[in-house]
Protein chains: 2
Amino acid sequence: MTLSEEDYIKAIYHLGKGEQAPVSTNAVAEKMDTKPSSVTDMVKKLSEKGVVNYRRYKGVRLTEYGLKIALSIVRKHRLWEVFLVEKLHFSWDEVHEVAEQLEHVKSEKLIDELDKHLGFPKIDPHGDPIPSKEGEFKKAVKKLLSEVLTGTNGVCVGVKDSSPPFLKFLDKNNIALGDPIIVLEKEEFDGSLTIKINNKEMRISEQIASNLFVEIID
Amino acid sequence: MTLSEEDYIKAIYHLGKGEQAPVSTNAVAEKMDTKPSSVTDMVKKLSEKGVVNYRRYKGVRLTEYGLKIALSIVRKHRLWEVFLVEKLHFSWDEVHEVAEQLEHVKSEKLIDELDKHLGFPKIDPHGDPIPSKEGEFKKAVKKLLSEVLTGTNGVCVGVKDSSPPFLKFLDKNNIALGDPIIVLEKEEFDGSLTIKINNKEMRISEQIASNLFVEIID
DNA sequence: ATAATATTTTAGACAAATCTAAAAATTTGT
DNA sequence: ACAAATTTTTAGATTTGTCTAAAATATTAT
């Protein structure tokens, strides 16, 4: 697969939400910042290679083979994102464009070893799940922080209460959307939590925890 | 710079030994596994961009600007090689083709942080020096292991005594050419050394050390 | 149902990087 | 020094991925 082909496969995958729905030429063109006619050309080529099913004017869908390729690219992309954040101190919003380049590097051993080096993470810094080598992955689920089990890894993805005092609290404590979070301990007595966020441990009250949404792997 | 341009720049750099000597079209073609006519075309383009000096039939040389680019590519290549060996357990002979891909990833922060993550190494797993961000680097020097200072990082590059018993000894102890080596301690009494090789500590006699050449940074 | 609108495809052109075959310049051998 | 051999360049073609403009198909609104 060439660079360009891989980019198209990924775009079709992401637009296909899961995978099934056929994706329109225009949608792909917009996502890839290119022209619909270019998409038509590429999609024909991918179809000949057995990567997508395509009928003219009817949109395009990944085949099973194409889905496998897409998942392996997504896996690489997300593992590299974890690497950049955990090992190289990138912030979660800086990683995308670099991972976009790294995901195209071809070496099975590289990815296997990177996975091991990172401790086989199941979730990336944006809270999205990382497909296994075999292309399986769990869906991410949104829960209130107060409802997750001790030991859970997740990512902050939203607030229930968006009042200024609460937002100010988050800001003051350096908690931002997209931050990875781990629940280390739950205090039975008052429902307060010890969490690790941005590599810093802190304790938060049940009130706070029940107003913060996190995305976790089910 | 495109992928292809970067590959040509690197080839011209390596063939130029240091940098100065003009490099023949044929030599570049052979190194890049392409045809001389393709080299001529590319070299014209690089010349227009100010990367090389080129006069037809006279060969090609990097400009100062071109040299800077070459050194930044070499720096990236060698830092990735260190990463692959030290963090991902690649052996020194597996790293090249993967580093060849990684070296093209564009992100200044990525390389700065990688450098930091690796502890600012000065030498790659093949014993070649790593240029600094500013494009400076020390020359590698070949010495007998017995002559280097405690704490030195180096790479096995040859033997003085190539008799079967000595080679058998190296083999039995898993010491091969290309292996990275660190001198941890020198025993004054008998001149024996404690070294770390292949991530394993071992003690070797002065006799052995004075028959093994290592490449180090001066 | 059909006209207007929007989407998608086709046809033909272009730039980048490569190739082959032939021409031009350089180097070598005597 | 000059013919032969070698190296290098030119000219023209090819492939990949893209583009524009026009034609074909599908969708929508009345």
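The structure presented is a predicted model; accordingly, all values stated were derived computationally and were not measured. Just so we're on the same page: letters track the sequence lines, and every chain starts at 1.
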Distance in angstrom units between A/L3 CG and D/dT16 C1', rounded
12 Å
Has B/R61 got a side-chain atom pairing as donor or acceptor with B/A21's backbone, closer than 3.5 angstrom?
no
What pairs meet the side chain to side chain donor-acceptor pair (under 3.5 Å) rule with one or both residues in residues 170-179 of chain B, with sequence neighbours excluded?
B/D179-B/N198
Is any side-chain heavy atom of A/L212 closer than 4.5 Å to a side-chain heavy atom of A/K160?
no
Whether over 12 other heavy atoms sit under 6.0 Å from B/K138 NZ
no
Under 4.0 Å between a side-chain N or O of B/Y8 and OP1 or OP2 of C/dT18?
yes
Spacing between B/L46 atom CG and C/dA16 atom P, to the nearest angstrom
13 Å
cation_pi(B/K109, A/F90) dist<6.0 Å, angle<=45:
yes
Taken to the nearest whole Å, CG/B/D7 to P/C/dT18 is 9 Å
CZ of A/R55 versus P of C/dT9: gap in Å, rounded?
12 Å
Given B/H77 and B/E81, is the side chain to side chain donor-acceptor pair (under 3.5 Å) satisfied, shown in steps?
CA-CA 6 Å; B/H77 183 100; B/E81 286 195 342; 2.8 Å; yes
Less than 4.0 angstrom between a side-chain N/O of B/S4 and OP1 or OP2 of C/dT18, yes or no?
yes
Where the side chain of A/E6 meets the backbone of A/L3, is there a donor-acceptor pair that is under 3.5 Å apart?
no
A/E30 atom CD is separated from C/dT8 atom P, nearest whole Å, by 11 Å
What does the list of N/O pairs under 3.5 Å between the protein and nucleotides 19-21 of chain D look like, with a distance for each?
residue	atom	partner	partner atom	Å
D/dC19	OP2	A/T34	OG1	2.6
D/dC19	OP2	A/K35	N	3.2
D/dC19	OP2	A/S38	OG	2.6
D/dT20	O4	A/S37	OG	3.0

Per-nucleotide protein contact string for nucleotides 1-8 of chain D (B base, S sugar-phosphate only, - none; heavy atom under 4.0 Å)
------SB
Would you please say whether a donor-acceptor pair under 3.5 Å links the side chains of B/S163 and B/D161?
yes
